[in-house]
Every structure is written in structure tokens, then in C-alpha cells.
Amino acid sequence: MDRTAWIVVALCVIGLVLWEIYLAKHIAPKPAPVSLAPGGPSPTAAPAILAPSPLPTPVAEAAPGSAPTPTFTEEIETLRNSDVELRLTNRGGGIKEAVLLKQIAEKGQRVGLKSDQRAPIGAILEQPSTPTLPEFTASVQSDSVQFERTTPEQVAIQKKFFFEKSPENKDNYVIEMDVDLENRGDKPYQSGGYFVALGSAAPIHPRDYPSYTRLVWCANCGGWITAGAKGIDVGWFASSGGFLGLGQHAARPSYQENLAGAEWVAVSNQFFTTLIAPLTATLAGKDVDPWKANSVWARRFDFDYAPDEKLAGIEGALGMPGFQLQPGQTYSARFEIYAGPKLYHRLAQLPHNEAEVMDFGMFKVVCQFLINFMNLLHSWLRDYGLAILALTTIIKLTLWPIQNKANRSMRHMAALSPKVQELRDKYKDDPTRMNQEMMKLYKQHGINPVGGCLPMMIQIPIFFGLFKMLGQAVELRNAKFLWVRDLSQPDTIAHLPMLGWPINIIPLCMAATQIWLMAMTPKTGDPTQRRVMMFTPLIFLFICYNFAAALALYYTAQNLFSILQFYQNKRQPTPTLEKVAPAGKRKR
């Protein structure tokens, strides 16, 4: 092996080792005791904070800027359907907790979208950085909860929460919040704008990527060509030393940005989101148009995950334009709240591009196809592991003819390699002439030198589409397959003694099958390039090792199909080198 190849393998190995040391030291999973809501266990749920792990309430002590301790007795009212239970508080008149009844966390707990020590979801705030949460009077109807209070300026505020009615109850995670402000005084009331609290989001697992916990907003983000949703994650707030002195900045306390208009704003983690979309508004009986969020706000907070470990969460709010109320006039606004799992097929049915919260990026079209197809297969097979294997089989069979042509091209290239090596030796001091002669040689024998790369080029968007999709597919949570307890997480079966490194079987099988596949591949191209390509398994192992086991399962199955196809192609006669007639001399 030459120097270049040794440098590449050394860098790959060093990078993988350093990454594992970093994970083991900074975000290694540690058991945490289950922390239930004050007052003891609930008979129906023991939820976590926008997360299915047994997380305690974030920030045990009141953090700077958190909601002040109320001087009145807090009262909780409940609103429930088959998918979610809302626990609404008179403290600010909002949703203190949304318990997802069909989303199971550890030890049989229910997942909960919580906002303890933060402003409740749907609270109306003047300044989200210094929230005041006054006392509301609650009244409960059969299908709604209403809050009322009157301000010192004699403005009566009414807020009503209820579940939206939808066909076949497919959108049970959608709540409507109606807000009415009536000026009962004798002076005009001027609002310079207000914020609606989104609640908070926190990591689900201690090893979660910072990019999962984010504030997201949609401004003209729908369609196939337009840009997707924008956002920031918890990593934005941390101090950074930059790269070679560039991009260096201190820690940032909060984030606020004015917008031309956003259809919705959300806080989100890997699998769950709280999203608020302004629907309509009227002022003195006349429609307010356009009616969109004109600013976003967010702040990071730290909370204790374990006695000696802290994780970072994010809280957010969307800003709405101001208005003026003359005496006797009423301002009414409607908001849609989605509080639940990031189920693409449900979000895609909502009318304001809510599915963009999935953050599929440039592979959006591929991700949308893959997640819909995977769910279709699951509806038939009733097992997500089998659905992923079926998806792999269908993709591989679709690409089988293209891969056959690529394999034949590589075998022809391998047969031609002695002549190629002769040209390299002959023109080693003249690279330009060497390339010209090599292309001439390929043309004479009718060989496309990049023909073997086409299947790989097709696989790249599929691989990264799966990477983006499987990283957010809540359907895979707690989905078991063979020894894998959760296809959305690494299939760790043990940890190395002393070092604490996880032992993940499927990524190791993926790397082994990839090495086997590369050993079978006909040797073509420059020797140095071939040696460098031998380290591709290390790169994919680095990407997949601590990612969802579903991705490594797909790639392992794909490698096994490729190995089978190579064995089939090798049983065919060895290709013979024949010169083809020039295009102008071929018989017609």
C-alpha cells in the first residue's frame, strides 16, 4: 500500500476513534430515575417533556426568564380524545401538557409535550423573554375548555380550546385555539403586537444530534421547487471557536428575527413537535389580511437528565402584528395547534405545508417517496423490519438491469486493464497524452469508463434520502426486529469494558458485507484510487454506527443483494475484447 492509501486509512480510523471517545465522554447514555409530575403517578400517563424518555421537569430551579411562580392556586382542566389528552392550566390560559396516549415511552409511560417552568402552549405574551402569566377563570363545556380574564385596561380576553373535527378522526392531534379581545373600557386600546408561546422541546435521547431539537418556521416553504422550512437548533446558542478563527462567537442568550410572514412556527425534536399556525383574524367584524406570524423567538435552556448530566432544550414563540381596539370593538383570532408525533402522512394532509417540519432538505422528493412507500409496505407486512427489507428488495430489483450493465462494463474494464497499464507505463511522464490514449482505447473497444459508476450515483440520493427520512420517522420508534429493540436507534447489545464504546451489530455486518462486495468487484482504474476506495466501508461505518439501525439494515441487505448479483454475473462467460467499428463505418 502506498503513502496516500495509508494516510487515508489512518485519518478514517483516527476520526472514528475520536468520535467514539467524544460520544462516550460527553453524551454517553446514563440511566436516569423516572420523574413523575408533582402529585404522584397519573393513572393514565407519566409523560416526559416533548420526549419519550424518562426525563424530569427541565430546569429544577427557576431559570432566568422562566415563568414566575404564581401567587394563585393553579387549576388544571382536561380535554381528551382517542389520541391525545390536553391538560390546560389557568396560569396564562394555555396547554400545560399534551399527553400522547398512543405513543409509549420507557416503562410503559406515555409521551408528553410538556412546558413546566415555561410558558404554556398558547399563552399570550407581551415579551417571551420575561413572561407574565396572569390568572384566568376556566369553564368546561362538553367538548371545549374556555378561559376568561379582564385586564386593568378593561379589555376582556376569552380563549377557547377544542379539537378540530376531521373526517374519520385522522387529525386528532390538531387543536383549535380561538382568542377574542373585547374593549369594554371608554378609551382606545393599542396593541403593539404580541407573542403566542409554543412551549418547549427537549432531546429524546442523550445521544441525539443537536440538529434534532429546533425552532422551525415556514415562510413560502411549500411546493416542489421552493425552499423548505427554516430554523435554528440548540447548537446555535452555544459559543463557538469557529474554524481557523472564522465564525467565532460567544454564547447567545436568545434568538429573535422579524419575518415578512410565516404560515406556522414550531418547536420540534427528533420525533415530536408543537406547531402553531395562525388561521384567520377579524377586527371590528372585518377580516385582517394578510394574517401571518411576523417574528419568531427562541431561547435555549438546560435541564438535568441525570445527576451528573445536563441536556439542552429549546422554548419558542411566534410574534403576531399589533392592532387597535376602539371602545366596544372586538378583535378575534383563530390558531391551529398541532401537538403530536411527526407523522408525515398526517402532516401532509394539513393545509399550511405543516409536513415541512420534517426537515427533509434537498432530498425532500426522495424522502417523501420512501416514507410513503415504507408505510404502505408496513400496512401489508405489519412489521417495519420486514418493510425495510421489502423496500430494499424492490429498489434492488428495479436497479438490477442497470447494475448488470455496470457489472459487464467493469468486467470489460478489468479485461482491458493490462493494455491500460501499458499506456500508463509508456506515458507516465505525459499525463495529458496518457489520458488521451486511454480514452481512445476505451472508444475502440466500445467501453464507457464511467459505466460502472451509474448504479452508485443512483444509490447516493437513496442513501441520503433514507438517512434524512429514517432520522425522523416516528413510525420506527419502539419497532422491534430480531434482536433490535428500536429500529430508530442503534442496535447496541453491549458496551466495551472500560472504554464504554457501544457494540452495534448491524453496522458491523454492513461494513463486513461491503468489504466482501469490494473484494468481488473487478479491479479497474488507477491502483491508488482502488486502494482509497477500499476505505469506503470505514466511511459508511462512521456515518451509520450511531444512527438508526434501520439505515444499516437497509444497506446490509442491499450489499447482500449486490453480492448475489455479482455471483450470478461471474457465472457468465468471460468477456472477450473486440474492437468496434467507428460510428461512421457501421452498417445501417
Side-chain angles (χ1 to χ4, degrees), residues 12-13 15-34 48 51-55 103-109 111 202-213 269-271 305-309 311 383-389 392 463 466-515 537-560:
C12 290
V13 172
L16 185 60
V17 170
L18 291 177
W19 179 246
E20 288 301 323
I21 291 175
Y22 172 81
L23 292 177
K25 183 178 294 186
H26 294 279
I27 52 177
K30 300 175 183 178
V34 176
S53 56
L55 300 181
Q103 296 292 324
I104 306 300
E106 283 84 355
K107 299 183 180 179
Q109 302 175 32
V111 175
I204 298 174
H205 311 94
R207 283 178 175 265
D208 280 355
Y209 298 122
S211 59
Y212 287 155
T213 308
N269 65 16
Q270 184 178 10
F271 295 128
Y305 179 81
D308 57 346
E309 183 174 21
L311 295 180
D383 184 286
Y384 273 107
L386 295 179
I388 290 169
L389 293 178
T392 311
F463 176 83
L466 283 166
F467 183 87
K468 294 290 288 185
M469 182 271 284
L470 295 175
Q472 302 175 79
V474 67
E475 294 90 340
L476 297 179
R477 278 192 65 247
N478 302 321
K480 297 177 174 57
F481 183 70
L482 300 178
W483 66 86
V484 184
R485 296 188 297 271
D486 187 343
L487 282 168
S488 71
Q489 297 299 309
D491 64 319
T492 304
I493 60 168
H495 289 80
L496 290 177
M498 305 297 291
L499 296 176
W501 293 357
I503 301 174
N504 303 333
I505 298 299
I506 298 182
L508 294 175
C509 293
M510 178 197 71
T513 55
Q514 197 165 5
I515 291 171
L538 280 176
I539 298 172
F540 279 91
L541 182 64
F542 178 83
I543 294 173
C544 296
Y545 197 74
N546 285 304
F547 197 67
L551 181 64
L553 177 64
Y554 163 82
Y555 212 75
T556 303
Q558 195 269 142
N559 286 343
L560 290 173

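Counting only distance, with no hydrogens or angles, the side chain of Y545 and the backbone of N504 share a donor-acceptor pair below 3.5 Å. In this structure a side-chain-to-backbone donor-acceptor pair under 3.5 Å is present from D491 to I505. At least one donor-acceptor pair closer than 3.5 Å links the side chain of Q270 to the backbone N or O of G471. Using modelled atom types, no side-chain atom of N559 and backbone atom of T513 make a donor-acceptor pair closer than 3.5 Å.
We find the CZ-CG distance between F481 and L389 to be 4.5 Å, quoted to the nearest 0.5 Å. Once rounded to the nearest 0.5 Å, the distance linking OG1 of T213 with CG of L311 reads 8.5 Å. Atom CD1 of I503 sits about 8.5 Å away from atom CG of L508, to the nearest 0.5 Å. The CE atom of M469 sits 9.0 Å away from the CG atom of L551 when rounded to the nearest 0.5 Å. Taking CD of Q514 as the start and OG1 of T556 as the end, the distance is 9.0 Å to the nearest 0.5 Å. Taken to the nearest 0.5 Å, the CD1 atom of I515 stands 9.5 Å off from the CE atom of M510.
Residues N269 and A202 approach most closely at ND2-O, 3.0 Å, considering heavy atoms. For the residue pair L487 and G385, the shortest heavy atom distance occurs at CD1-N, 3.6 Å. The two residues F547 and F467 come nearest to each other via the heavy atoms CZ-O, 3.0 Å. N478 approaches D486 most closely through the heavy-atom pair N-OD1, 3.1 Å. Heavy atoms only, all atoms of each residue included: S488 and A548 are closest at O-CB, 3.5 Å. In terms of heavy-atom proximity, Q103 sits nearest to V474 at OE1-CG2, 4.0 Å.
Ring geometry for F463 versus Y555: interplanar angle over 60°, hence perpendicular rather than tilted (30 to 60°).
Side-chain contact between W483 and I506: present, with at least one pair of heavy atoms (C-beta onward) separated by less than 4.5 Å.
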